[in-house]
Amino acid sequence: ATVDLSSPGIISYYDQGPQYALSFWTDAATTIPLPNPRAVDQTGTYYIRLANTITGCDTVAAVQLTIHPQPILTLRVNDTTVCGATPVDMTSTAIIANSSQGPEYVISFWTDAALTIPLANPQAVDQTGRYYIRLLNTITGCDTVTSIQITIHPQPALTLRVTDTT
């Protein structure tokens, strides 16, 4: 995960105009520039400097940034195909190979990429479609979403006419 230090979520207001220069630093003395303030991926204290290039006056503000690890969710397969009326259990280890563990992690299943329509019964999926699995860390709010294509083919029909051939 990365954070854009120049975003309105970080800087709510600053004087603007051609005489103002906004810059980003890794030290309070503003001697070590932050290489990419639009994609910070390390926890730490960063410094934002607003300088008036005409007067030479400046203001420096510190921001403490905490980057939480993204939850791990690994699928054993990206798609699965079954024949007949056998439903697919999306909660099984045949589908989910690995995920972050602990009481703060909640896994959920969805029928749409926007995660607005929950899958009613992920233990018995019996319709062809793309389904979405979300792993949420309820403490940090960080999540991981992945999808799986499930294809259910009809079972071939076979009817025998039994006749006595003896």
Side-chain angles (χ1 to χ4, degrees), residues 1-12 22-27 32-48 62-166:
T2 63
V3 173
D4 180 355
L5 288 183
S6 66
S7 74
I10 303 290
I11 303 171
S12 59
L22 196 60
S23 57
F24 302 85
W25 306 87
T26 61
D27 64 320
I32 305 169
L34 181 61
N36 189 0
R38 293 189 183 276
V40 179
D41 63 358
Q42 297 293 315
T43 294
T45 302
Y46 298 94
Y47 301 88
I48 302 170
V63 60
Q64 176 63 43
L65 188 62
T66 302
I67 304 290
H68 297 286
Q70 190 154 1
I72 296 168
L73 177 61
T74 307
L75 297 185
R76 199 167 301 283
V77 294
N78 290 327
D79 57 28
T80 189
T81 301
V82 295
C83 294
T86 305
V88 175
D89 181 356
M90 288 181 50
T91 66
S92 77
T93 56
I95 302 292
I96 299 173
N98 186 30
S99 67
S100 299
Q101 299 292 312
E104 70 274 21
Y105 291 101
V106 174
I107 196 162
S108 56
F109 301 86
W110 305 86
T111 61
D112 64 320
L115 309 180
T116 60
I117 306 169
L119 181 59
N121 188 359
Q123 292 89 4
V125 176
D126 60 0
Q127 297 292 315
T128 292
R130 179 154 298 279
Y131 297 92
Y132 299 85
I133 305 170
R134 177 184 190 209
L135 181 64
L136 171 68
N137 182 320
T138 58
I139 295 172
T140 67
C142 297
D143 70 350
T144 296
V145 178
T146 191
S147 69
I148 182 170
Q149 176 66 39
I150 295 178
T151 304
I152 304 196
H153 294 293
Q155 189 76 34
L158 175 62
T159 304
L160 299 177
R161 178 177 304 163
V162 179
T163 59
D164 189 358
T165 58
T166 59

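The model shown is predicted, which means the values in this text are computed figures rather than measured ones. Numbering starts at 1 and runs along the sequence shown.
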Looking at every heavy atom in both [X] and [Y], which two are closest together, and how far apart are they?
{"X": "P69", "Y": "C142", "result": "O-CB, 4.2 Å"}
{"X": "I139", "Y": "N137", "result": "N-OD1, 2.8 Å"}
{"X": "S6", "Y": "R38", "result": "OG-NH1, 3.0 Å"}
{"X": "L115", "Y": "Y132", "result": "CD2-CB, 4.0 Å"}
{"X": "S99", "Y": "L73", "result": "CB-CD1, 4.0 Å"}
{"X": "R76", "Y": "A94", "result": "CB-O, 3.5 Å"}

Between [Y] and [X], is there a side-chain heavy-atom distance shorter than 4.5 Å?
{"X": "T138", "Y": "Y105", "result": "no"}
{"X": "T128", "Y": "H153", "result": "no"}
{"X": "I96", "Y": "L75", "result": "yes"}
{"X": "T80", "Y": "I95", "result": "yes"}
{"X": "V77", "Y": "I148", "result": "yes"}
{"X": "L34", "Y": "W25", "result": "no"}
{"X": "F24", "Y": "I48", "result": "yes"}

Working for side-chain contact (heavy atoms from CB on, under 4.5 Å), residues S100 and L135: CA-CA 8 Å; S100 299; L135 181 64; 4.0 Å; yes

Pairwise side-chain hydrogen bond (donor to acceptor under 3.5 Å, both in side chains) hits with a residue in residues 83-94, at least two apart: D89-T91

CA sep, side-chain torsions, deciding dist, call: L65, L5, side-chain contact (heavy atoms from CB on, under 4.5 Å): CA-CA 9 Å; L65 188 62; L5 288 183; 4.3 Å; yes

Pair T26-Y47, side-chain contact (heavy atoms from CB on, under 4.5 Å): steps then yes or no: CA-CA 6 Å; T26 61; Y47 301 88; over 6 Å; no

Verdict with supporting geometry, M90 and I150, side-chain contact (heavy atoms from CB on, under 4.5 Å): CA-CA 9 Å; M90 288 181 50; I150 295 178; 3.7 Å; yes

Salt bridge (charged side-chain N to carboxylate O under 4.0 Å, His left out) contacts touching residues 108-127 (sequence neighbours left out): none

Euclidean distance, [Y] [atom2] relative to [X] [atom1], rounded to 0.5 Å:
{"X": "Q64", "Y": "T43", "atom1": "CD", "atom2": "OG1", "result": "7.5 Å"}
{"X": "T116", "Y": "W110", "atom1": "OG1", "atom2": "CH2", "result": "7.5 Å"}
{"X": "I107", "Y": "R134", "atom1": "CD1", "atom2": "CZ", "result": "11.5 Å"}
{"X": "Q101", "Y": "N98", "atom1": "CD", "atom2": "CG", "result": "7.0 Å"}

Greater than 12 external heavy atoms within 6.0 Å of N78's CG: no

With sequence neighbours excluded, residues passing salt bridge (Lys or Arg N to Asp or Glu O under 4.0 Å) with R130: none

